[in-house]
Amino acid sequence: MPLALLALAVGAFGIGTTEFVMMGLLPNVADDLHISIPSAGRLVSAYALGVVIGAPLLAALTARMPRRRVLVALMVLFVAGNAVSAAAPDYHLLMAARFVSGLPHGAFFGVGAVVATSLVAPERKARSVSLMFLGLTVANVIGVPIATLMGQQLGWRATFLAVSAIGLAAIAALLLLVPADHGHGETGGLRGELKALGSLPVWLSLATTVAGFGALFAAYSYVTPMLTGAAGFAEAGVTLLLALFGVGATAGNLLGGRLADRSLRGTLFGGLVSLGVVLALFPVLMRAEWSAAVAVVLLGMAAFITGSPLQLMVMEKASAAPSLASSANQAAFNLANAGGAWIGGLALAAGFGLTSPAVAGAALAVLGIGVAGAAYGVDLRRSRAVAASATTRRGLLVASHLPDAVSAPDAGEPTRRR
């Protein structure tokens, strides 16, 4: 695998760290800025809103630029957003800075996925995407716990300064390791890219992402009360368990990339089925500490098996605008985050029990399987239509090259001699 993938992974590590670290720093930020915890929680939403808006917008605006230049520019914006977050004197400026920090997130992963797949042989495309995503999953194992501890000991501003330093390291790695003349983006213009993004197979792929990862976040958003209230863990042990989730996610990401190079759709269906089964078993697995720890690892593994297949499938369905489609898929991930947490919260608020968000997640996984099945059916019908059209064209071509039939003399007419 080329070293350029390392540069992409460093950028993904920084993005993953800044995305998830705010959840652990909410009490510190709230105390320092004299706001409530729910108000501090809106900083998480501001980042997610930046991702949803920035992913397709920045990908479209930079579609015709050299991709290395785009990646570096996105990381410069990322560094600026986190640096302003560290220096923000009040809540409103911090809110705006978190929004800016989220803007390059989706476009970086979208353009990065296109760069990653272009650097390797076709049979290694999914694996290359999984290696870029490795930075995101490792961030949950190492980056987020260390950054959270740093924020608790040195102040939350120190955390965002450290994330800015990671962004600077990513810029240096991109400049050193990604070829300067690496390919340009799509040249069909914004209208052509939007047209490629508007096809039914692309939207079905994006809907699969929303449903599949919505299943994950329906449960993961409430995993702490499940672990403390149902499994009996002390609050101090939750941090270690969340790191175990990151270990499972890392393993699932690498496994999904390797399997998807052999069977893209098979890996996707297998991952969604596994995710649904794990979530359905959560009420049982949360009855003991050891089985709850296993459940957290399996949850991360089953969910992230589908990460690379979903990213690659969207890119293939929108081959005329892979950067834009890939970035839109990142927006779909964040919609899944928000929507899954909302659905899980509804189940919890309805009084169905601490593990009910996981059951709601299992239902979303089933929905994801159904959408993926519908996408498969559309692909089958289209491929059959293309095959039938090709057969018809071949038949017409053969008929047009046949010699004209020569009329035989009438059997009843005598043959005349000269």
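None of these values were measured; they are calculated from a predicted model. Side-chain atoms are counted along with the backbone in the values below, which use heavy atoms only and exclude waters and symmetry mates.
Within the 3.5 Å criterion, the main-chain N or O of Val114 finds a donor-acceptor partner in the side chain of Thr117. Thr159 contributes a side-chain N or O that, together with a main-chain N or O of Gly151, makes up a donor-acceptor pair within less than 3.5 Å. The closest donor-acceptor contact from the side chain of Thr137 to the backbone of Leu134 lies under 3.5 Å.
With Ile142 as the fixed residue, the side chain to side chain contact (heavy atoms under 4.5 Å, CB included) test singles out one of Ile146, Val144, Asn140: Ile146.
Annotation: side chain of Val29 is not in contact with side chain of Tyr91 (no heavy-atom distance under 4.5 Å). The shortest side-chain heavy-atom distance between Met22 and Phe160 falls under the 4.5 Å cut-off. At least one side-chain heavy atom of Val70 sits under 4.5 Å from a side-chain heavy atom of Met65. Residues Val120 and Arg127 form no side-chain contact, since every pair of their non-hydrogen atoms from C-beta on lies 4.5 Å or further apart. Put simply, the side chain of Thr208 does not reach to within 4.5 Å of the side chain of Met313, judged on heavy atoms. Residues Leu5 and Ser128 meet the side-chain proximity criterion, which asks for heavy atoms closer than 4.5 Å. Counting only heavy atoms from C-beta outward, the side chains of Leu206 and Trp203 approach each other to under 4.5 Å. In this structure the side chain of Met226 reaches within 4.5 angstrom of the side chain of Pro357, judged on heavy atoms.
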Taking only distance into account, with no hydrogens and no angle test, what donor-acceptor pairs under 3.5 Å do side-chain atoms of residues 73-87 form with protein atoms, sequence neighbours excluded?
unit_1: Asn82; atom_1: OD1; unit_2: Thr18; atom_2: OG1; d: 2.7
unit_1: Asn82; atom_1: ND2; unit_2: Phe78; atom_2: O; d: 2.9
unit_1: Ser85; atom_1: OG; unit_2: Gly81; atom_2: O; d: 2.8

What pairs of donor and acceptor atoms, side-chain ones from residues 276-300 against any protein atom, are under 3.5 angstrom apart with sequence neighbours left out?
unit_1: Ser291; atom_1: OG; unit_2: Leu285; atom_2: O; d: 2.5
unit_1: Ser291; atom_1: OG; unit_2: Ala288; atom_2: O; d: 3.2

Give the table of side-chain donor-acceptor pairs shorter than 3.5 Å for residues 336-350, with sequence neighbours excluded, one pair per line with atom names and distance.
none

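In this structure, Tyr376 places its OH atom where only 12 or fewer heavy-atom neighbours from other residues, nucleotides or ligands lie under 6.0 Å away. Summarising the local packing, CZ of Arg157 is surrounded by more than 12 heavy atoms from other residues, nucleotides or ligands at distances under 6.0 Å.
Ring centroids of Phe99 and Tyr47 are separated by 6.0 Å or more, keeping the two rings apart.
In this structure, OG1 on Thr209 lies 11.0 Å from CG on Leu204, to the nearest 0.5 angstrom. Rounding to the nearest 0.5 Å gives a distance of 10.0 Å between CG of Leu324 and CG of Leu61. For the atom pair Phe108 CZ and His105 NE2, the distance stands at 10.0 Å (nearest 0.5 Å). Distance check, rounded to the nearest 0.5 Å: CG of Leu312 to CD of Glu316 gives 4.5 Å. For the atom pair CG of Leu33 and CG of Asn28, the computed distance is 10.5 Å after rounding to the nearest 0.5 Å. Leu254 CG to Ile305 CD1: the interatomic distance, rounded to the nearest 0.5 Å, is 11.0 Å.
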Evaluation steps, side chain to side chain contact (heavy atoms under 4.5 Å, CB included), between Phe109 and Ile15 | CA-CA 9 Å; Phe109 279 106; Ile15 289 174; 3.7 Å; yes

Apply side chain to side chain contact (heavy atoms under 4.5 Å, CB included) to the pair Arg262 and Thr267, showing each step before the final yes or no.
-> CA-CA 8 Å; Arg262 300 179 181 179; Thr267 304; over 6 Å; no

Does the pair Gln311 and Gln330 meet the rule for a side chain to side chain contact (heavy atoms under 4.5 Å, CB included), with working shown?
-> CA-CA 8 Å; Gln311 191 76 20; Gln330 293 301 313; 3.0 Å; yes

Decide yes or no on side chain to side chain contact (heavy atoms under 4.5 Å, CB included) for Met95 and Leu43, but give the supporting numbers first.
-> CA-CA 6 Å; Met95 176 81 75; Leu43 296 169; 4.1 Å; yes

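Using a 30° and 60° split on the angle between ring planes, Phe213 and Phe217 fall in the tilted class, from 30° to 60°.
Minimum heavy-atom separation, Gly106 to Ala55: CA-CB, 3.8 Å. Here the closest non-hydrogen pair linking Ala303 and Thr306 is O-OG1, 2.7 Å. Heavy-atom minimum distance, Met150 versus Ala162: SD-CB, 3.7 Å. Residues Gln152 and Leu25 approach most closely at N-CD2, 4.4 Å, considering heavy atoms. The two atoms that bring Val21 and Ala147 nearest to each other are CG2-CB, 3.6 Å, heavy atoms only. Annotation for Leu131 and Ala9: closest pair O-CB, 3.8 Å, computed over non-hydrogen atoms.
Here Ser308 pairs with Val129, Ser130, Phe133, Asn253 under the side chain to side chain contact (heavy atoms under 4.5 Å, CB included) rule; sequence neighbours left out. Listed by chain and residue number, nothing satisfies the ring-ring contact (aromatic ring centres under 6.0 Å, His included) test with Tyr222 (two or more places apart in sequence, or in another chain). With sequence neighbours left out, the ring-ring contact (aromatic ring centres under 6.0 Å, His included) criterion links Phe13 to no other residue.
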